[in-house]
Amino acid sequence: MTSKTVEDDKYVWLEDVEAEKCLDFAKSSNDKCLQALGDPKDGPTYDRVLSVLESEDRIPHVSSYGRDEAGERILFNFWRDKANPKGIWRKTTASEYKKEELKWEVVLDVDKLAEKDGISWVWKGASALARKRDPMSDNGRVVTRVLMNLSRGGSDATHLKEFDLLSGEFVPEGEAFILPEAKTRASFKSRDVLLVGSDFGPESLTDSGYPRTVREWARGTAVEDAPTVFEGEKTDVAVNGYIADERSFGGSLWQIHSRSITFYTSKYYMAKLTEDHLLPQSERPEGLPELEFKELDIQEDAEIDYYCNMLFISLRSDWTPKEGGKTYKTGSIIYCDWETFLSEGKGGTDYKVLFEPTDRTAYEYMTCTKDYIIVSTMDNVKSKLHFYKIGDGGNSLTLVSEDSDPKIRDCSVRPIDAIESNEFWFTLSSYTQPSTLFLADAGKVEEPVESAEDKFIVTKLKQLPEQYDSSGLVVEQRMATSKDGTEIPYFIVMKEGVELNGKNPTLLYGYGGFEISLGPHYVATSGLAWLERGGVYVEANIRGGGEFGPSWHQAALKANRNKAYEDFIAVGEHLIESKICKPKTLAIRGGSNGGLLMGNMYIMRPDLFGAVHCAVPLLDMKRFNQLLAGASWMAEYGNPDTSDWEDFLYKYSPYHNIDESVESYPPMLVTTSTRDDRVHPAHARKMVKKLWDLGEGKDWPIYYYENIEGGHGGAADAKQSAFMTSLAYDFMFATLTKNAEAMD
């Protein structure tokens, strides 16, 4: 079909999220789904998935909140288990954390809070008041206050509540910073001042539903009276305001305002602060100069980071900051002196290169300890770490160590306390190796040792036991060739010596968007629900992701979205050519943007796949920008209210491309959440209803389950997560197994 024949949307009524008839549709669909597929609680997977999600053997990852009066480091952890399905926020000490059987002190019990308030609270994290800016921190010894985010049923919108870590209680109303449900962005400027953006009424939100203004809110005053210190445009995605306090590292104190113009373009404005600027405006001394914000003169598609006196600039496109000077490549990370850049501009600053990509390498992230910057990169989707020593009072970097070879593994580096230490948490895992947590010290990379690999490790702290039987499994990286000749890598996990007869139940997972990379990581649920049952598991590193940096992502933007779909098809065809599977024994799975991928695979190549799981998906690309946060994704997909619709968008809108002449579509399970306030549940609802109506009397088996709670993650607690996971895996495995048996 073409865009000229798009009919009026007779299913638009399903966009009213909590209307009675819409909830009735969801509930009746759920009943219909379970009648057809069976209740997963009675199946082979649910109990084991739940036991993994609630296991006491999981690693309790922690964050440092300073030291107690005895000088012991205080470590906080959020934990869910069978006894605490909504979770507890708890703390321990560093010495206790090293023990196998450690003791915890509960700081907040979310289950008890939910029962007390009569609200199904879901923990969404806490942000701390910086010790350096807290007069009650005992000279920076301990964190005393946090801003806590709690969500109803798992939605992105949260309630903001201030919590006192000294008393172990919420700060009393009248004294506290408290905000009702909204997609709030808030951070402490000082103990008694917040920089906050939220839903303050008309014109306070962008078209995407995020804050458009930043207010400076003083304790004890009404937020409605708080002065607006920054604002963006209605068409922006969001604005933000925060403090960059580099004084502990020889740097300065800055206030930064940012406008996210699109998902990939921003403007930054900075002002240098004094200690007096941290006070509420009513308490500042007379004659204190007003802050002078300067716009950062960088490309709009660049991102920034900072440490000590250095400003880091991450490039999404080539940049020539000095007329006639050097051009820095897309995907590079360059750095310069922060204050010189602001005072002299881009043309008066000297730059150094931290990372420059090749065609098959990409920057992942960097993190900082007291004296080192640790950079993680990918080389052909394999991990590599680089250690830089900070010198010249925080003005220069010297490479002192790096991995000799990239590795098929996932590694996470998190500083324990960058203000005072070079120690960091180092977590390792792979597709078949459970996560292991190490205590590490960046300073050790400069010590002479025989083995140069991971010599920064001090000791192993915790290890997740094997959650499924991975014996005999092998992991390989293979290449498929896409339609335009581009090589597309993918990882395959399978039994060694697997029989190449086309009958192996094979699950292919993909995402391909928003510069998000897929790579080796331990997922126990996939292991026990698929691999342990004899299945083959595959992840495709298709264009649109970030596996090879911004260029890999940009290759599948907007009019080039077809590249991501061609890549995914190429991987599927390569699996079939390799005799791993046949179309009837190949299942595919993806969520969110990956749900859009699934919808398009279902429409474009119904002959190539035996089962589809389409989770929390985008599917209606004509109205996506009018639903919840959809307007923020137009930089990824295009604007359907312009010529983009006729030029290319309609071509990959699954909702508008259902082919009534097709006699057989593969079985598809579509899942979403009523409480998803990022990707509207109407995408799933409308697609399913339309398929049911058009497919009456045809071989179009469609199953739909809408979790009433859960947010964009699809589940609000372990039981819901186990239910949704086992529903999907049991559906796919049973379908493929039945198909394989029919081949005999």
Side-chain angles (χ1 to χ4, degrees), residues 11 14 22-46 49 505 507-509 525 529-530 583-592 594-603 606 608-620 654-655 658 662-674 676 679 681-710 714-715 720-739 742:
Y11 301 104
L14 285 163
C22 294
L23 292 178
D24 286 345
F25 170 81
K27 292 171 183 176
S28 65
S29 299
N30 292 351
D31 292 341
K32 185 177 177 181
C33 177
L34 298 187
Q35 287 170 10
L37 302 181
D39 189 330
K41 292 180 182 177
D42 301 327
T45 309
Y46 174 82
V49 171
L507 175 56
L508 171 58
Y509 179 82
T525 51
W530 198 264
K584 286 290 187 180
T585 52
L586 176 58
I588 56 174
R589 186 177 192 229
S592 191
L596 175 61
L597 171 66
M598 295 301 103
N600 276 295
M601 292 302 95
Y602 176 84
I603 294 298
L608 191 59
F609 309 109
V612 181
H613 176 213
C614 179
V616 290
L618 285 85
L619 295 166
D620 179 356
Y655 181 63
I658 300 168
V662 172
E663 285 299 318
S664 179
Y665 276 118
M668 179 165 66
L669 171 66
V670 181
T671 58
T672 192
S673 166
T674 309
D676 188 345
V679 177
H683 284 278
R685 290 173 176 178
K686 291 161 63 177
M687 182 76 172
V688 167
K689 184 68 169 74
K690 189 174 182 180
L691 283 167
W692 279 341
D693 290 350
L694 296 179
E696 191 170 351
K698 299 175 183 175
D699 184 18
W700 292 11
I702 303 295
Y703 311 101
Y704 179 62
Y705 197 93
E706 180 175 321
N707 194 27
I708 305 303
E709 291 188 318
Q720 291 180 22
S721 183
F723 181 94
M724 300 300 286
T725 298
S726 55
L727 176 67
Y729 277 99
D730 288 350
F731 155 72
M732 291 184 292
F733 200 85
T735 301
L736 299 193
T737 302
K738 182 179 178 181
N739 290 344

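Counting heavy atoms from C-beta outward, Pro666 and Ile588 have side chains that stay 4.5 Å or more apart. A 4.5 Å side-chain heavy-atom check between Thr725 and Thr45 finds every atom pair outside the cut-off. Contact of the Leu596 side chain with the Pro654 side chain is registered, since non-hydrogen atoms from C-beta on lie closer than 4.5 Å. At a threshold of 4.5 Å between non-hydrogen side-chain atoms, the residues Val662 and Ile603 do not count as touching. Looking at heavy atoms from C-beta onward, Tyr729 lies in side-chain contact with Leu507 at the 4.5 angstrom threshold. Residues Pro40 and Phe731 are not in side-chain contact: their nearest non-hydrogen atoms beyond the backbone lie 4.5 Å or more apart. Counting heavy atoms from C-beta on, the side chains of Val612 and Met601 never come closer than 4.5 Å. Taking 4.5 Å as the limit, some side-chain heavy atom of Asp699 sits within range of a side-chain heavy atom of Pro701.
Applying the side-chain contact (heavy atoms from CB on, under 4.5 Å) criterion to Ala615, with sequence neighbours excluded, gives His613, Thr671. In this structure, the side-chain contact (heavy atoms from CB on, under 4.5 Å) partners of Ala684, at least two apart in sequence or on a different chain, are Pro617, Val670, Thr672, Tyr704. Contacts of Lys686 classified as side-chain contact (heavy atoms from CB on, under 4.5 Å), with partners at least two apart in sequence or in another chain: Asp9, Tyr11, Leu14, Glu15, Asp620, Arg623, Tyr655, Ala682.
Heavy atoms only, all atoms of each residue included: Gly695 and Trp700 are closest at CA-CE3, 3.2 Å.
A donor-acceptor pair under 3.5 Å links the side-chain atoms of Trp692 to the main chain of Ile702, judged by distance alone.
One distance of note links OG1 of Thr674 with CD1 of Ile708; it measures 3.5 Å at 0.5 Å rounding. The structure places OH of Tyr602 at 7.5 Å from CD1 of Ile658, a figure rounded to the nearest 0.5 Å. A distance of 10.5 Å separates CG of Asn30 from CG of Leu23, quoted to the nearest 0.5 Å. Taking CG of Leu618 as the start and OG of Ser592 as the end, the distance is 6.0 Å to the nearest 0.5 Å. A distance of 7.0 Å separates CE in Met598 from CG in Leu508, rounded to the nearest 0.5 Å. Remark: Tyr705 OH to Asp31 CG distance equals 8.0 Å, nearest 0.5 Å.
Within 6.0 Å of atom NZ in Lys738, 12 or fewer heavy atoms from other residues, nucleotides or ligands are found, so the atom counts as exposed in its surroundings.
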*Going through the distances and angles, do Ser29 and Glu706 end up as a side chain to side chain contact (heavy atoms under 4.5 Å, CB included)?*
CA-CA 8 Å; Ser29 299; Glu706 180 175 321; over 6 Å; no
*Could you give me the CA-CA distance, side-chain angles and deciding distance for Leu37 and Leu727, then say whether side chain to side chain contact (heavy atoms under 4.5 Å, CB included) is met?*
CA-CA 8 Å; Leu37 302 181; Leu727 176 67; 4.3 Å; yes
_Stepwise side chain to side chain contact (heavy atoms under 4.5 Å, CB included) check, Thr525 with Trp530_ = CA-CA 8 Å; Thr525 51; Trp530 198 264; over 6 Å; no
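Residues Asp693 and Lys689 are paired through a salt bridge, judged by an N-O separation under 4.0 Å between the basic side chain and the carboxylate.
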